[in-house]
Amino acid sequence: MKRYIKWISIAVGAIAIAACLRGFAFTSYLIPSGGMENALFCGDRILVNKWSYGFRVPLMQWGGYHRWNSHPVHKGDIVVFNNPADLLQPVIDRREVFISRCAGPPGDTLLVDTLFTLIPSGGNFAPDRKQLFTYPRSCEHQLDSLLSILSIAPAELMGQDSTHNLRSFSRYEFYLLDQAINGHNWIEPVNKAELANSRPLIIPGKGKAVRVYPWNRVLLRNTLVLHEGKQAEIVNDTLYVEGTPTLHCYFTKDYYWMVSDNSVNLSDSRLFGLVPHDHLIGKEMFVWLKGSNR
């Protein structure tokens, strides 16, 4: 009998230790989509360090927001956080969990186009970064044959008009296709980030002022309403904060601009806006179980 009690005590202790580690140190997260390809793939399970940016005290519905030993997010970090645009769930730590890469910490200035897509500095892209390409619809079967020959996974059709189709490829995949066609390449990149349409996006920081422009006032208005508890509205192309027209907005929190590695995937700050520091869960450490899509 004593032997069974001993083993039960060991099992209960192990479960308690695992629960404490999961609640206070690390947690596992399942990658739900291809938005972080080619760094992380759909179906991968990653380990997340909850202390990377300071430990956020759980059960926020009872004690509110508190964070121990807070640290900033660094540019390039892969971050797990709660959905900042969830209007139906008032408690932050009970919102849906997202993952993205930090492209802009507080105070940083990013160059974006009219759709808030980043324009990379110098015009250089990582070889595995996905981009949009267009090609004649009449070449669809020829493209499928090339993809099969080159062992390139078929990319999902992103759109089409009367004459052209739209798909996403990495720069390396495009290089292989270009070499295989060996002549006039009928696959062309879609350049949405023309310099003439670029805008400097300043990421808000605690106590810092951000100038209001026609192209960023909706983003600033939404941030003030969702995360600052301010009454803000746009009337006749003017931003009013607490009933007063304003040309500069001030914020009480640090914010981050999050992006998908696969830029074709819009599930990032282009969709849900700026991510405040109180929504951060932790930093991705490593993949502990690879998904079947690899």
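Positions are given from 1, in the same order as the sequence printed here. The structure presented is a predicted model; accordingly, all values stated were derived computationally and were not measured.
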> For Ser260 and Met36, work out which heavy atoms get closest and say how close.
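Looking at all heavy atoms of both residues, the closest pair is CA-SD, 4.2 Å.
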> Could Arg101 and Asp261 be called an ion pair, given the rule that one side-chain N must be under 4.0 Å from one carboxylate O?
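So Arg101 pairs with Asp261 through a salt bridge.
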> Kindly compute the distance separating CZ (Phe169) from CZ (Phe174), expressed to the nearest 0.5 Å.
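Spacing of CZ (Phe169) from CZ (Phe174) equals 10.0 Å.
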> Is Asp144 salt-bridged to Arg167, going by a charged N under 4.0 Å from an acidic O?
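A salt bridge is present here (some side-chain N lies under 4.0 Å from a carboxylate O).
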> Can you tell me how far apart CZ (Arg95) and CE (Met60) are? Round to the nearest 0.5 Å.
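If I round to the nearest 0.5 Å, the distance is 9.0 Å.
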> Just say parallel, tilted or perpendicular for the rings of Trp51 and Trp68, cut-offs at 30° and 60°.
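The arrangement is tilted - the two ring planes meet at 30° to 60°.
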> Give a yes or no on whether the ring-centroid distance for Tyr256 and Tyr53 is below 6.0 angstrom.
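No.
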> Any luck finding a side-chain donor-acceptor pair between Glu228 and Thr223 under 3.5 Å?
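There is no such pair between these side chains.
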> Can you measure from CH2 (Trp257) to NZ (Lys75) and round to the nearest 0.5 angstrom?
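Going from the CH2 atom of Trp257 to the NZ atom of Lys75 covers 13.0 Å.
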> Checking Lys283 against Asp77 for the salt bridge (charged side-chain N to carboxylate O under 4.0 Å, His left out) test, could you report, in this order, the C-alpha distance in whole Å, the side-chain angles of both residues, the deciding distance, and whether it holds?
CA-CA 7 Å; Lys283 178 182 177 181; Asp77 284 359; 3.7 Å; yes
> Nearest 0.5 Å, what's the CD1-CG distance between Ile31 and Leu40?
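Taking CD1 in Ile31 and CG in Leu40, the distance rounds to 4.5 Å.
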> For the atom pair CD1 (Ile203) and OG (Ser269), what is the distance rounded to the nearest 0.5 Å?
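One gets 7.5 Å once the value is rounded to the nearest 0.5 Å.
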> Enter the distance from Ile78:CD1 to Phe286:CZ here, rounded to the nearest 0.5 Å.
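Those atoms lie 13.5 Å apart.
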> Taking all heavy atoms of Met258 and all of Ser100, pick out the closest pair and write down the distance.
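Result for this residue pair: CB-CB, 3.5 Å.
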> May I ask you to decide if the ring planes of His227 and Tyr255 are parallel, tilted or perpendicular, using 30° and 60° as cut-offs?
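Answer is tilted, since the angle falls between 30° and 60°.
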> Name all pairs fulfilling the side-chain hydrogen bond (donor to acceptor under 3.5 Å, both in side chains) condition that reach into residues 81-94, sequence neighbours left out, sorted by first residue then second.
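As it turns out, the side-chain hydrogen bond (donor to acceptor under 3.5 Å, both in side chains) pairs with a partner in residues 81-94, which skip direct neighbours, are Arg56-Asn82.
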> Quick one: does any side-chain atom of Asn185 pair with a main-chain N or O of Ile187 as donor and acceptor, under 3.5 Å?
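Yes, the answer is positive, given that a donor and an acceptor are paired below the 3.5 Å cut-off.
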> Where the side chain of Asn222 meets the backbone of Ala85, is there a donor-acceptor pair that is under 3.5 Å apart?
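No, because the side chain of Asn222 does not come within donor-acceptor range (under 3.5 Å) of the backbone of Ala85.
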> Does any non-hydrogen side-chain atom of His277 lie less than 4.5 Å from one of Tyr65?
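Yes; the side chains approach each other to less than 4.5 Å.
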> Have a look at Tyr135 and tell me which of Gln142, His164, Glu140 forms a side-chain hydrogen bond (donor to acceptor under 3.5 Å, both in side chains) with it.
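Of the listed residues Gln142, His164, Glu140, the side-chain hydrogen bond (donor to acceptor under 3.5 Å, both in side chains) partner of Tyr135 is Glu140.
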> Would you say the side chain of Tyr240 lies within less than 4.5 Å of the side chain of Glu233, judging by non-hydrogen atoms?
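Contact flag for Glu233/Tyr240 side chains = yes.
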> Would you check if there is a donor-acceptor pair between the side chains of Thr163 and Arg137 at a distance under 3.5 Å?
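The criterion, which ignores hydrogens and geometry beyond distance, is not satisfied for Thr163 and Arg137.
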